[in-house]
Amino acid sequence: MSKIESILTESRVFTPSEQLKRSVALTEADIAQMYAKAESDHVGFWSDLAREKLDWFKPFTVGLDDSNAPHFKWFSDGELNVSYNCIDRHLETKSDKLAIIFEADDGTVERYTYKELHDQVCRFANTLVAQGVQKGDRVVIYMPMIPQAVIAMQACARIGAIHSVVFGGFSAESLRDRIDDAGARLVITANAGCRGGKTIPLKKAVDEALEKGGDHVRKVIVFRRTKDDVAMKAGRDIDWYEAEAGMSNYHDPVMVDSEHPLFLLYTSGSTGRPKGVQHSTGGYLLNAHATCEWMFDLNEQDVFWCTADVGWITGHTYVAYGPLSVGATMLMFEGVPTYPDAGRFWQVCQDHGVTVFYTAPTAIRALMKFGSDLPSQYDLSKLRILGTVGEPINPEAWIWYYHEIGGGRCPIIDTWWQTETGAHMLAPFPITPLKPGSCTKALPGIDAAIVDEAGQALEDNEGGLLVIKKPWPSMIRTVWGDDDRYQKTYFPLMGSIKNGDSCYVVGDSAYQDEGGYFWILGRIDDVLNVSGHRLGTMEIESALVSHPQVAEAAVVGRPDDIKGEAVSAFVVLNREIPDEGAERDALIQVLRDWVAKEIGAIAKPDDIRFGTNLPKTRSGKIMRRLLKTLARGEEILQDTSTLEDPSVLEQFKKPKRL
Ligand code: WT7
């Protein structure tokens, strides 16, 4: 494999202030000690941490069992319960502490103490049992972003049922695929959800999904989020509160093996049918817990807000489980960042005194478009740590987030991880010196490296495959029902190199700079090959976005007779799209020259198209497959039902060839 070239240079370094260093729990010495311990005794490091951070009903004696690699087991002879660890163990010291602050789309606020959360989770756990759910059964949760979603997840964990949360934006068809693949016995849903002032029906999709599938589904529990009527099928559907009637506020948590699956979460990937990523109990919770302490420094005073929906892994690890495991107060928000206006996020931060805020670069860029006047109207002085996740954050957005939202005081915690990794893998601690656009270093106990396709280590600044060389506790255990796919997708080097059985191949391209910092270049599948130069998409996009008139950009390759691949750019402007003709041509020329100046002529886009939005999934991922089809001038035959706004495809159809 020829190496992937890095063409963007970012040389700014932000070192932590003395005040910041004094204000966080972990010192440089603590962090250094963790790295040293993990380095010298990988399994011992994680095992000691598991004993220290989690409450075990039955202590484990085996740290890592690799006898059935690459299906690794952690703490496998131990027993515990996740819901007990997230709730019950805090009751003695903080039963009146707020666990959840919930702000609804319409601004209504609800608060749940740890004691109240305990009672609600217990009552719902008893309800699930009464509806026939047993340990190991699969339960599909198709809910809006409301506390009942977390209560349902925690209740499943409490009884040892395996939940599979399906994001509320997915169509009936996608829902059916997931219900069927998991062989779910029960579905938990709401009549509707509320987002941006609109009501989004949910139960209707469940009905549709179950019409042609889901034969194994016995019951559907329906939470009435709105006053809208909902059709109920006799014998199958039951109202949440009716089902809960007479249920006790106490439920004895079911202790399960550490390796018992806690949940499945389906991830689309770029090809093939969705994969049911299977996560474990003990290992998963350990990394969720530890990273809430390491990256977010969560303590007694914090109000933590992760804006992700519970339908994504971020909403599992940093909403439903991690913050509760460490006993923090967390905020849940039902709405969207731009309703009633683009100041909503900042208003929520102000009103609830949010101290640690975690969101996606796509949201930051979208809000950045509205300028700095909006955030400056709110009191954001309580914020102390800011995080990002989901894609590389371009330095432009990083700097804006840092100054305009963080007031230059809050470290930006750029967290690289995946559905499959369960928790943060490459990320700074709050006091790590930061380089905008880099997710910095691998965490203690995470053995990351850059290799070529044969598994050979590459030098500093050489782009290649990002791999994780040793197993870690919160890693994916298998693809539900498809061990073969698990092995082929994530361990393609097995057998071909020494220790290839434990070499997890991430699917991203990246390089490490001379300081050991990681820079993610993009998904391997998206790498462009322009005149023999292999270029990641991230840097070209970042260069485009750094132009004052550009809000967002996506770049894909299209076949080109001469260059191999030509660079096609899809651009969202900060201003009106100029009409076709001289003005638009001039802007295209300006942007091409800009990229040439920023990173070199090789990366100059061959065509640039404009639209008011990029085609994104509802989780904010740019659908590059669709853009590739558009770039080639082909008809779109792919399923576009998961797109946030399908109409944007029309705008981008017309290329402007240069
Ligand atoms: C892919 C995983 C992890 C929760 C949300 C996404 C990209 C994620 C970063 C980051 C650069 C990132 C990678 C990764 N990604 N975080 N901080 N910097 N890229 O979960 O849907 O499983 O996607 O998202 O490409 O492989 P996911």
Side-chain angles (χ1 to χ4, degrees), residues 4 8 10 165 167 169-170 264-270 274-279 284 287-288 291 295 306-322 358-365 386-395 397-398 401 412-428 434-443 446 448 463 465-468 474-476 479 489-490 504-512 517-527 536-539 541-542 554 616-624 642:
I4 299 159
L8 186 79
E10 171 59 60
V165 183
F167 175 57
F170 276 123
L264 312 178
L265 185 60
Y266 285 83
T267 168
S268 319
S270 48
K275 302 183 280 270
V277 172
Q278 179 182 320
H279 276 290
Y284 171 78
N287 288 58
T291 51
M295 276 65 252
C306 164
T307 66
D309 190 278
V310 287
W312 313 117
I313 188 70
T314 311
H316 283 59
T317 308
Y318 300 104
V319 178
Y321 294 114
Y358 188 34
T359 195
T362 171
I364 298 167
R365 280 194 302 274
L386 299 173
T388 75
V389 59
E391 55 180 311
I393 177 164
N394 49 301
W398 195 103
Y401 197 30
I412 306 290
I413 311 297
D414 177 351
T415 61
W416 180 90
W417 59 298
Q418 308 177 297
T419 303
E420 294 87 342
T421 68
H424 303 156
M425 301 289 281
L426 313 178
L434 303 170
K435 303 182 187 179
S438 165
C439 52
T440 76
K441 298 195 175 183
L443 305 189
I446 302 298
L465 307 178
L466 174 61
V467 297
I468 314 293
S474 65
M475 71 192 295
I476 174 177
V479 172
T489 310
Y490 303 109
Y504 170 89
V505 178
V506 155
D508 285 3
S509 55
Y511 72 94
Q512 245 181 314
Y517 277 42
F518 286 89
W519 299 77
I520 305 291
L521 296 168
R523 297 292 297 171
I524 281 291
D525 306 343
D526 300 331
V527 169
T537 52
M538 203 299 265
E539 297 178 310
E541 289 162 2
S542 189
K616 288 190 195 142
T617 63
R618 288 173 221 231
S619 66
K621 284 234 185 304
I622 297 166
M623 295 196 58
R624 283 172 209 278
T642 54

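Counting begins at 1 with the first residue of the sequence. Indexing begins at 1, ligand by ligand and atom by atom, following the structure's order.
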* Could you go step by step and tell me if Y284 and T317 meet the side-chain hydrogen bond (donor to acceptor under 3.5 Å, both in side chains) rule? -> CA-CA 9 Å; Y284 171 78; T317 308; 2.7 Å; yes

Show which atoms of ligand 1 fall inside a sub-4.0 Å distance from at least one heavy-atom site of [X].
{"X": "I520", "answer": "11 (C), 19 (N)"}
{"X": "T415", "answer": "9 (C), 10 (C), 16 (N), 17 (N)"}
{"X": "I313", "answer": "4 (C)"}

Could you check [atom] against the protein and tell me its nearest heavy-atom contact, residue, atom and distance included?
{"atom": "atom 10 (C) of ligand 1", "value": "E391 O, 3.5 Å"}
{"atom": "atom 13 (C) of ligand 1", "value": "D508 OD2, 2.9 Å"}
{"atom": "atom 27 (P) of ligand 1", "value": "T419 OG1, 3.5 Å"}
{"atom": "atom 21 (O) of ligand 1", "value": "K621 CE, 3.5 Å"}
{"atom": "atom 4 (C) of ligand 1", "value": "T314 OG1, 3.2 Å"}
{"atom": "atom 16 (N) of ligand 1", "value": "G390 N, 3.1 Å"}

* Could you tell me whether K616 and E391 have a side-chain N and a carboxylate O separated by less than 4.0 Å? => no

* For the pair R624 and E541, find out whether any cationic side-chain nitrogen is under 4.0 Å from an anionic carboxylate oxygen. =>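 The answer is yes: the pair qualifies as a salt bridge.
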
* To do: With the side chain counted from C-beta on, respond yes when T291 and W417 share a heavy-atom pair under 4.5 Å apart, and no when they do not.
  =>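 Contact flag for T291/W417 side chains = no.
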
* Asked: Do M538 and W519 touch side chain to side chain, with heavy atoms closer than 4.5 Å?
  ->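 Side chain of M538 against side chain of W519, heavy atoms only: no contact under 4.5 Å found.
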
* Examine the side chains of T415 and Y358 and answer whether a donor and an acceptor come within less than 3.5 Å of each other. => yes

* Pick one of side chain, backbone, both or neither for how P392 approaches ligand 1, counting any non-hydrogen atom pair under 4.0 Å. =>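 Both parts.
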
* For ligand 1, note which part of V506 has a heavy atom under 4.0 Å away: side chain, backbone, both or neither. =>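 Within the 4.0 Å criterion, V506 makes no contact with ligand 1.
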
* Asked: Out of curiosity, is T267 lining ligand 1, as in a heavy atom under 4.0 Å away?
  -> no

* To do: Give a yes/no verdict on whether any heavy atom in G507 is under 4.0 Å from an atom of ligand 1.
  => no

* To do: Test D508 against W416 for side-chain hydrogen bond (donor to acceptor under 3.5 Å, both in side chains), laying out the working first.
  => CA-CA 11 Å; D508 285 3; W416 180 90; 2.8 Å; yes

* Per the side chain to side chain contact (heavy atoms under 4.5 Å, CB included) rule, which among V479, V506, V505 passes with Y490? -> V479

* To do: State whether the shortest distance between N or O atoms of R523 and N or O atoms of ligand 1 falls below 3.5 angstrom.
  => yes

* Asked: Do D414 and ligand 1 have an N or O pair less than 3.5 Å apart?
  -> yes

* **Candidate pair T359 and Y401, rule side-chain hydrogen bond (donor to acceptor under 3.5 Å, both in side chains), full reasoning** => CA-CA 11 Å; T359 195; Y401 197 30; 5.9 Å; no

* Asked: Is there a donor-acceptor contact under 3.5 Å from the side chain of S509 to the main chain of R523?
  -> no

* Asked: Among W416, W519, W417, F518, which one has a heavy atom closest to atom 3 (C) of ligand 1?
  ->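 It is W417 whose heavy atom sits nearest to atom 3 (C) of ligand 1.
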
